[in-house]
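Every number for a ligand or one of its atoms is a count from 1 in the order of the listing. Positions are given from 1, in the same order as the sequence printed here.
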Amino acid sequence: MGPHALAKAQRLLGDNRDGEGDRRRQQYNHVDFVWGCTRCYQCNEVCPVGVQPLDRITEVKQAVLATPNLPETTALRHRRTLVEMVAADGWIDESRFAAKVVGWQGWLSLVPLGLKMLRRRKLPLPWQFRPSSSQGRSPGC
Ligand code: SF4
């Protein structure tokens, strides 16, 4: 789904004459809809009419997140986990993050990728993680 259609989705959600809000929020809660947007800002930069599609898409994401009793998709769990971890600790512990989002069964499916990354020295080890609040600051800041 492209930025134009996703921005239009926000207009539909905001239309109080529309009685399909619940169905729409359920439909948009999918990686083929709002969760496929990676927030690269390209659409905002090139939009010729000032719609700022990413801002509209963010509003749809917030509406989806605020909707109770939606089916628990991986994309929704990803976003909720991200928000919870940052709110609790100020950073994302990637080792716990993956386990919370995809569960241990899904996490095991990542082992081949992890081994490949380890072999190529691209896998940060747990003791290399530091809270972002402690990075790049001098004592006393
Ligand atoms: S921010 Fe990037 S990924 Fe998201 S809709 Fe715009 S162009 Fe697509």
Side-chain angles (χ1 to χ4, degrees), residues 1-139 141:
M1 197 64 63
H4 176 261
L6 292 172
K8 194 167 182 179
Q10 185 271 335
R11 277 179 37 211
L12 290 171
L13 280 183
D15 187 341
N16 59 13
R17 297 166 298 178
D18 182 72
E20 297 287 315
D22 286 342
R23 186 190 62 76
R24 292 188 200 285
R25 281 186 288 276
Q26 189 160 343
Q27 182 184 15
Y28 301 156
N29 178 28
H30 195 276
V31 75
D32 290 340
F33 287 86
V34 289
W35 302 123
C37 168
T38 58
R39 300 181 306 262
C40 71
Y41 282 90
Q42 178 71 16
C43 55
N44 271 13
E45 285 184 12
V46 300
C47 181
V49 291
V51 169
Q52 305 292 294
L54 175 57
D55 299 1
R56 307 290 79 75
I57 294 164
T58 301
E59 290 175 41
V60 177
K61 287 178 177 177
Q62 288 167 344
V64 170
L65 283 170
T67 305
N69 303 323
L70 282 181
E72 188 76 1
T73 61
T74 302
L76 189 60
R77 202 165 41 249
H78 181 277
R79 180 54 59 99
R80 285 192 171 136
T81 302
L82 190 136
V83 170
E84 283 169 17
M85 287 185 129
V86 171
D89 304 326
W91 70 300
I92 299 165
D93 177 346
E94 297 284 349
S95 54
R96 282 192 305 130
F97 184 71
K100 282 185 123 184
V101 172
V102 296
W104 289 108
Q105 203 171 16
W107 191 84
L108 286 176
S109 72
L110 298 173
V111 167
L113 174 66
L115 290 174
K116 199 170 165 184
M117 290 172 69
L118 195 58
R119 210 171 39 247
R120 296 186 181 176
R121 297 174 185 234
K122 293 191 172 189
L123 185 70
L125 299 169
W127 53 87
Q128 294 173 317
F129 288 112
R130 283 179 299 157
S132 57
S133 59
S134 70
Q135 292 180 355
R137 290 191 181 166
S138 58
C141 289

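- The existence of a salt bridge linking Arg24 and Asp15 is excluded, since no basic side-chain nitrogen approaches an acidic carboxylate oxygen closer than 4.0 Å.
- The closest donor-acceptor contact from the side chain of Arg25 to the backbone of Val64 lies at 3.5 Å or more, if one exists at all.
- At least one donor-acceptor pair closer than 3.5 Å links the side chain of Arg80 to the backbone N or O of Leu65.
- Around atom 4 (Fe) of ligand 1, protein N, O or S atoms at less than 2.8 Å number 1.
- Within the 3.5 Å criterion, the main-chain N or O of Leu54 finds a donor-acceptor partner in the side chain of Asn44.
- Side-chain N or O atoms of Asn29 include one that pairs as donor or acceptor with a backbone N or O of Pro71 at under 3.5 Å.
- Ring-plane geometry between Phe33 and Tyr28 is classed as tilted, the angle between the planes lying from 30 to 60 degrees on a 0 to 90 degree scale.
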